[in-house]
Amino acid sequence: MKQPKKTAEQRGGAACVIGWPVKHSRSPLIHNYWIKQHGIAGEYRREEVAPDRLADFLARMAALGYLGCNVTLPHKEAVLALTEPDNRARAVGAANTLWLDGNHLRSTNTDVEGFLGGLDAAAPGWDNGMEKAVVLGAGGAAAAVTFGLVGRGVERIRVVNRTYERAEALAKRFGSRVKPARWEEMTGLFSGTQLLINTTSLGMEGQPSLPCNLKPLPDSAVVADIVYVPLETPLIAAAKARGLRVTDGLSMLLHQAVRGFSLWFGVVPEVTPELRALVEADLRAAAPAVPAAMDLKPDDTQPSQIKSPRAKRAKAKPVE
Ligand code: ATR
């Protein structure tokens with residue numbers, strides 16, 4: 001006999017975020033807020049899983065009582081081979097959300113919709129007639145952003161990276177609308193750019209600011225930063241000072257969480273101002289002083305030699 005559909009309250013169960021380290025993750029704060037808000041008999045936990053335990057942990061997910069999980073550094077690429085990834089996760093080359101579907105452990109990448117969701121909320125209609133976007137960086141986050149932009153029909157996307165070869169490799173994966181550019185070309189590309197996205201770790205606490213000048217951007221441009229520590233990066237501060245619309249890394253973090261929650265608990269949750277305030281308060285409590293202003297150096301587009309340590313970055317740019 002067919003079972004009646006369960007309500008969210010009846011569904012219950014647990015989910016978690018796996019990473020190594022995982023202490024930094026704000027996902028428990030976000031998901032446990034929604035669990036409480038919807039009166040679900042569930043829990044969202046942190047699970048520290050070392051790389052050599054990853055396969056075993058995933059194989060035992062159901063036995064451990066989990067409906068699914070988020071995945072953060074350093075496992076986002078490794079989980080592809082251990083799960084059944086959807087087209088999106090395959091195209092991006094990384095997954096951040098896993099769920100059990102009967103005996104199948106499926107995976108997807110919700111950083112894509114996290115980025116798009118933040119953008120849609122901050123600048124509704126941004127994609128109407130969007131001709132040119134510039135993506136700074138060529139890592140996993142840049143791949144998720146580029147995938148999202150291609151899907152929304154952006155006509156020309158320039159991927160600018162300190163290591164040009166990585167920009168070239170990323171552009172090749174996403175077709176003729178995506179072209180690589182050298183780091184030194186950055187500011188020169190801004191004229192006519194309607195959307196600028198930083199996916200590098202520059203501007204993150206403890207890192208140098210992005211060496212760019214926003215003056216050539218049109219007044220209608222939108223600026224996005226995926227870094228959320230500090231909450232207002234020097235890039236976002238400079239874009240605001242220039243009167244541009246902005247979307248920040250926290251917005252992306254909150255929006256990327258929506259789909260995982262709905263896959264596990266059967267309810268589509270909302271990114272509310274109250275939730276944002278809750279996570280903001282947590283980030284502020286953990287962070288020291290926020291840098292005051294962007295170091296604007298008009299023609300200085302020389303790449304910084306400072307390479308960010310993984311552990312440091314894991315605190316501030318884990319778009320789970
Ligand atoms: P993620 O998966 O989070 O995107 P990643 O693959 O380590 O992380 O990518 C980090 C991005 O930040 C890269 O584009 C990196 O440039 P390189 O490919 O040249 O390493 C960029 N990045 C990090 N530190 C930088 C710096 N000091 N100056 C310029 N770019 C930097």
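First listed ligand is number 1; within each ligand, the first listed atom is number 1.
Less than 4.0 angstrom separates some heavy atom of Trp183 from each of these atoms of ligand 1: 29 (C). Residue Ser201 approaches ligand 1 through these ligand atoms, each under 4.0 Å from one of its heavy atoms: 12 (O), 23 (C), 24 (N). Every atom of ligand 1 with a heavy atom of Gly140 under 4.0 Å away is listed here by number and element: 1 (P), 2 (O), 4 (O), 6 (O). Close approach of ligand 1 to Gly137 is summarised as follows: ligand atoms under 4.0 Å from at least one heavy atom of the residue are 14 (O).
In terms of N/O distances under 3.5 Å, ligand 1 is approached by Ala138. For Arg162, a nitrogen or oxygen atom sits less than 3.5 Å from a nitrogen or oxygen atom of ligand 1, counting backbone and side chain alike. The shortest N or O to N or O distance between Ala141 and ligand 1 is under 3.5 Å. The distance criterion of under 3.5 Å between nitrogen or oxygen atoms is met by Thr163 with respect to ligand 1.
The aromatic rings of Phe261 and Phe265 sit tilted, their planes meeting at an angle between 30° and 60°. The aromatic rings of Tyr44 and Trp264 sit tilted relative to each other, their planes meeting at an angle between 30° and 60°.
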Would Leu210 and Met186 satisfy side-chain contact (heavy atoms from CB on, under 4.5 Å), going step by step from the backbone distance to the final call?
-> CA-CA 10 Å; Leu210 260 170; Met186 187 198 299; 4.3 Å; yes
Start with the C-alpha gap between Cys69 and Trp99, add the side-chain angles, then the distance that decides, and say whether side-chain contact (heavy atoms from CB on, under 4.5 Å) holds.
-> CA-CA 6 Å; Cys69 66; Trp99 72 103; over 6 Å; no
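For atom 16 (O) of ligand 1, the candidate residues are Asn198, Val227, Asn161; the nearest heavy-atom contact is made by Asn161. Nearest to atom 18 (O) of ligand 1 by heavy atom, out of Lys76, Glu165, Glu77, Arg166, is Arg166. The heavy atom nearest to atom 29 (C) of ligand 1, out of those in Asp111, Thr200, Leu202, is found in Leu202.
Residue Asn87 places its CG atom among 12 or fewer non-hydrogen atoms of other residues, nucleotides or ligands, all under 6.0 Å distant.
Hydrophobic clustering of Ile, Leu, Val, Met, Phe, Trp and Tyr side chains at less than 4.5 Å, counting indirect connections, unites Leu250 with Val258.
A donor-acceptor distance shorter than 3.5 angstrom exists from the side chain of Thr193 to the backbone of Leu189, with no hydrogens or angles considered.
Ionic pairing of Glu113 and Arg259 is present here: one or more N-O contacts between side-chain nitrogen and carboxylate oxygen are shorter than 4.0 angstrom.
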